[in-house]
Amino acid sequence: MEQVSLELTVGPVAHGGWCVARHEGRVVFVRHALPGERVRVEVTEETTRFLRADAVEILEASPDRVVPPCPYAGPGRCGGCDWQHATLEAQRRLKGEVVAEQLRRLARVEREVVVEEVPGAKDGLGWRTRVQFAALPDGRLGLRKHRSHDIQPIDACLIAHPEVEAVGAEGHEWPGAVAVEVIASAGGDRAVVVAPRPRRSVAVPDLDADASILLDQGKGRTVPRRGSGVLRERVGDREFRVAGSGFWQVHPGAAETLLDAVLTYAAPEPGEWALDLYCGVGLFAAGLAEGVGAEGAVFGLESESAAVRDARANLRDLPQARVERGRVEEALDRFQIERADLVVVDPPRTGLGRDVVDRIASLTPQRIVYVSCDPATLARDLAWLAERGYPLTDLRAFDAFPMTHHVECVALLTRA
């Protein structure tokens, strides 16, 4: 498209790392700006209803603006970080405003939202324990540009955990690879998951630090080429195994922070019957099982087979906890689940959806704890749960992804 340049006054923050401005009656979603700023933008996308644009020159700066610490952050560069140009205090305030706006617009809930710091990310940097790099045809690694398949080559990622950077993946070439994921665990393990290009083999370079090497076979399946590929994560006095690139919170303090929040809201009592839906490798199920005790029961559901295997291993000392494989949409019926005292859900970014909301409500639990990484789908589902007799009782938000627009929420819904 022909390059269009505009001067705009930027309005409030929007979900997704944008701020909202207006031009000739149309909404303009602006990246790299802050509310109240006067900026010159270049339009990157145009539809009949709105424009997308990058702020390429700051004419009147917000007092919250800082120089991005990373040289790859900014218009036309790496798309991984949304708010490096704002102070951490401002980032959290903006995220709180986004969550509050989604609650107000989609769930008709008026609530001030304070986004809490998660320990373990000094200055908002060095926290990401899992980084997915894209590979250029010549084998160099980089990160995707915003809303693009283009790759920004990099020599270091400032939000990557030091143990990820210790592997030195960006300093080597990876011929034949399409993507390389580097993982570092709280238990001191490292792994590199290599995705080959079609009909290609990958030449793995000599790395700067020891790490298991795994081959990505697609659809979440990996096979070890060197080392076991099993990572140990620790929360409190409990160790969890996570195979390959299986799901685990990427912020080093997030798992413990979220577990504490979930258990505080869930308040499991001895003898209760609890469900943990989308249970992953069993983080919340373990805490629930300890709470309900030997006379209670926890039933976990997870769709990924590797995560189910990990969860069963992680919960083997808790016979009151059982984990089965299945999609929540069908597995509650298949396993004839008819009631629960409390339900914990941690769905993917797409949320629960209407059918799952209705099925959970049919179990008539006293408490539902909803963990969400997307405030829009959370607010949508909260509205449906309220219709089924489960209004929002309390909510906390956590800055588990500093420098990005992402925010983690934990909501408590109590049966009316």
Side-chain angles (χ1 to χ4, degrees), residues 10 13-20 29-35 37 39 41-42 44-45 52-58 61-62 64-99 115 117-118 120-134 141-165 169-170 179-184 249-254 349 373-375 397-408:
V10 179
V13 65
H15 181 35
W18 312 86
C19 290
V20 178
F29 293 106
V30 183
R31 275 177 65 82
H32 312 293
L34 293 171
E37 291 187 326
V39 298
V41 307
E42 290 184 354
T44 58
E45 183 181 341
R52 299 188 194 275
D54 286 342
V56 295
E57 183 180 358
I58 311 303
S62 164
D64 294 321
R65 177 171 285 277
V66 295
V67 176
C70 177
Y72 303 112
R77 302 189 186 105
C78 171
C81 291
D82 307 288
W83 296 120
Q84 284 208 13
H85 56 284
T87 67
L88 276 177
E89 181 183 10
Q91 291 181 37
R92 292 173 187 143
R93 186 175 69 249
L94 294 171
K95 294 180 189 186
E97 291 173 5
V98 167
V99 176
V115 176
E117 179 182 2
V118 177
K122 187 177 185 293
D123 301 325
L125 303 174
W127 55 269
R128 193 171 184 93
T129 58
R130 292 163 179 255
V131 179
Q132 177 99 33
F133 298 100
L141 297 186
L143 296 168
R144 299 281 181 190
K145 298 181 180 182
H146 183 67
R147 294 175 62 84
S148 171
H149 294 294
D150 294 341
I151 298 170
Q152 168 69 63
I154 66 169
D155 55 15
C157 175
L158 291 188
I159 65 170
H161 192 279
E163 289 300 310
V164 167
E165 285 298 293
E170 310 99 308
V180 175
E181 182 181 18
V182 183
I183 307 167
Q249 290 290 336
V250 296
H251 190 298
R349 198 171 301 282
C373 61
D374 189 291
F398 300 96
D399 194 15
F401 310 93
M403 302 295 173
T404 80
H405 76 270
H406 299 290
V407 59
E408 199 84 15

Decide yes or no for H15 and P375: does some side-chain heavy atom of the first lie under 4.5 Å from some side-chain heavy atom of the second? yes
Tell me, do R144 and I151 make a side-chain contact under 4.5 Å, heavy atoms counted? yes
Do the non-hydrogen side-chain atoms of V407 and V99 ever get within less than 4.5 Å of each other? yes
Do other residues, nucleotides or ligands put more than 12 heavy atoms under 6.0 Å from the CD atom of E89? no
Under the side chain to side chain donor-acceptor pair (under 3.5 Å) test, residues paired with R65 that sit two or more places apart: E37
Tell me the closest heavy-atom pair linking P252 and T129, and the distance in Å. CD-CG2, 4.2 Å
Only one of T44, D82, D54 clears side-chain hydrogen bond (donor to acceptor under 3.5 Å, both in side chains) with R31; which? D82
CG on L158 to SG on C81, rounded to 0.5 Å: 8.0 Å
Taken to the nearest 0.5 Å, the spacing of L88 CG from L125 CG works out to 7.5 Å
Closer than 3.5 angstrom, by distance alone: can the side chain of E408 be matched with the main-chain N or O of A400 as a donor-acceptor pair? no
Any idea which heavy atoms bring W127 and A121 closest together, and the distance? CB-CB, 3.7 Å
4.5 Å side-chain heavy-atom contact, P402 and H251: yes
N-O pairing of R92 and D399 below 4.0 Å: yes
Contact between H32 and R77 at the side-chain level, heavy atoms closer than 4.5 Å - yes or no? no
Looking at OH of Y72 and CG of L143, how far apart are the two atoms once the value is rounded to the nearest 0.5 Å? 10.0 Å
CA sep, side-chain torsions, deciding dist, call: W18, V10, side-chain contact (heavy atoms from CB on, under 4.5 Å): CA-CA 10 Å; W18 312 86; V10 179; over 6 Å; no
Supply the atom-to-atom distance E170 CD to C157 SG, rounded to the nearest 0.5 angstrom. 7.0 Å
Nearest heavy atoms of P69 and Q84, plus distance in Å: CD-OE1, 3.2 Å
Look up atom NZ in K95 and atom NE2 in H406, then write down how far apart they are to the nearest 0.5 Å. 8.5 Å
Determine the minimum heavy-atom distance between A86 and L34, stating which atoms define it. CB-CD2, 3.8 Å
Report yes if some heavy atom in the side chain of I159 is under 4.5 Å from a heavy atom in the side chain of F401; otherwise report no. no
Quick one: do V20 and F29 satisfy side-chain contact (heavy atoms from CB on, under 4.5 Å)? Show the steps, please. CA-CA 5 Å; V20 178; F29 293 106; 4.0 Å; yes
I need the minimum non-hydrogen distance between P35 and L94, along with the two atoms involved. CG-CD2, 3.9 Å
Tell me if a side-chain donor or acceptor on H85 pairs with a main-chain N or O of A33 at a distance below 3.5 Å. yes
So CD1 of I183 and CZ of R128: to nearest 0.5 Å the spacing works out to 11.0 Å
